[in-house]
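In this chain, numbering begins with 1 at the start of the sequence shown. Predicted, not measured: the structure shown is a model, and the values here were computed from it.
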Amino acid sequence: MPYYKTFQIHCAIEKPFWEKNGLPPSMWTDSPFDRLNLLYDDNGAPACYLAYVNGLEAGALDRLTPEAADAFVRSEIAKPLRRIHFAGEHTALTNRGMEGAMESGERAALEVLGGI
């Protein structure tokens, strides 16, 4: 039975970059890897950083050598982010559920169009 492909890269943490930039260390992205997660040890201390990839991108990374996959992930993580707009039911101000999702989607679209 076919199953959804996944690919994970676990990275050692040299410096806690999230303390400097003030952003959460874990995030969903629209990059080739779907999620970046900070993983913690049993004592609650940062243990490693995980790049988690699903679907077609996972298959493409799986065909690379470990060294090439590592270089690719490093190059993607090092790129500066452009302006980010958040949308989704949890960011809505007046509604919940599907109505809230639509409300926040409209707000984010207007922010993008307005250059906010």
Side-chain angles (χ1 to χ4, degrees):
M1 181 166 111
Y3 198 72
Y4 202 67
K5 294 181 181 187
T6 62
F7 188 91
Q8 295 183 12
I9 296 177
H10 295 254
C11 306
I13 300 168
E14 294 178 7
K15 292 185 232 175
F17 62 88
W18 58 91
E19 291 176 358
K20 182 177 180 182
N21 67 20
L23 298 173
S26 298
M27 63 191 86
W28 290 85
T29 77
D30 62 354
S31 72
F33 28 86
D34 302 309
R35 295 186 302 264
L36 299 170
N37 293 314
L38 179 62
L39 303 180
Y40 299 90
D41 64 18
D42 292 339
N43 297 319
C48 72
Y49 206 57
L50 168 67
Y52 189 85
V53 185
N54 290 320
L56 296 174
E57 289 87 1
L61 282 171
D62 195 40
R63 290 187 290 277
L64 297 176
T65 64
E67 295 79 17
D70 177 64
F72 177 75
V73 170
R74 287 175 184 267
S75 71
E76 285 293 316
I77 291 174
K79 288 179 183 176
L81 295 175
R82 295 179 277 311
R83 202 172 289 272
I84 299 173
H85 299 271
F86 294 95
E89 183 251 342
H90 289 73
T91 67
L93 299 176
T94 60
N95 294 297
R96 291 289 166 243
M98 291 301 294
E99 293 82 4
M102 290 184 279
E103 171 197 324
S104 69
E106 182 178 2
R107 177 200 35 82
L110 291 172
E111 289 173 359
V112 169
L113 291 173
I116 297 173

Peer 1: With sequence neighbours excluded, tell me which residues meet side chain to side chain contact (heavy atoms under 4.5 Å, CB included) with N43.
Peer 2: D41
Peer 1: Can you list the residues that meet the side-chain hydrogen bond (donor to acceptor under 3.5 Å, both in side chains) rule with T6, with sequence neighbours excluded?
Peer 2: none
Peer 1: E111 versus R107: any side-chain heavy-atom pair under 4.5 Å?
Peer 2: yes
Peer 1: Under the side chain to side chain contact (heavy atoms under 4.5 Å, CB included) criterion, do K5 and V53 qualify, and how do the steps go?
Peer 2: CA-CA 8 Å; K5 294 181 181 187; V53 185; over 6 Å; no
Peer 1: Who are the side chain to side chain contact (heavy atoms under 4.5 Å, CB included) partners of A87, not counting sequence neighbours?
Peer 2: S104, A108
Peer 1: D62: what forms a side-chain hydrogen bond (donor to acceptor under 3.5 Å, both in side chains) with it, not counting sequence neighbours?
Peer 2: none
Peer 1: Between CZ of F72 and CG of L61, what distance do you get to the nearest 0.5 Å?
Peer 2: 6.0 Å
Peer 1: Taking all non-hydrogen atoms of both residues, which atom of L38 and which atom of P46 are closest, and how far apart?
Peer 2: CD1-CB, 3.9 Å
Peer 1: Listed by chain and number, what are the side chain to side chain contact (heavy atoms under 4.5 Å, CB included) partners of P16, not counting sequence neighbours?
Peer 2: W18, E19
Peer 1: How would you list, by chain and number, every residue that makes a side chain to side chain contact (heavy atoms under 4.5 Å, CB included) with A71, sequence neighbours excluded?
Peer 2: none
Peer 1: So among L36, I9, L39, which one has a side-chain contact (heavy atoms from CB on, under 4.5 Å) with L50?
Peer 2: L39
Peer 1: N37: what forms a side-chain hydrogen bond (donor to acceptor under 3.5 Å, both in side chains) with it, not counting sequence neighbours?
Peer 2: none
Peer 1: Donor-acceptor pairs under 3.5 angstrom involving side-chain atoms of residues 93-101: please list them, not counting sequence neighbours.
Peer 2:
{"residue": "T94", "atom": "OG1", "partner": "E103", "partner atom": "OE1", "Å": "2.7"}
{"residue": "N95", "atom": "ND2", "partner": "E103", "partner atom": "OE1", "Å": "3.3"}
{"residue": "R96", "atom": "NH1", "partner": "E89", "partner atom": "O", "Å": "3.1"}
{"residue": "R96", "atom": "NH1", "partner": "A92", "partner atom": "O", "Å": "3.4"}

Peer 1: Taking only residues two or more places apart in sequence, or in another chain, which ones meet E57 in a side-chain hydrogen bond (donor to acceptor under 3.5 Å, both in side chains)?
Peer 2: none
Peer 1: Tell me, which pairs form a ring-ring contact (aromatic ring centres under 6.0 Å, His included) where one or both residues lie in residues 41-62, sequence neighbours left out?
Peer 2: F17-Y49
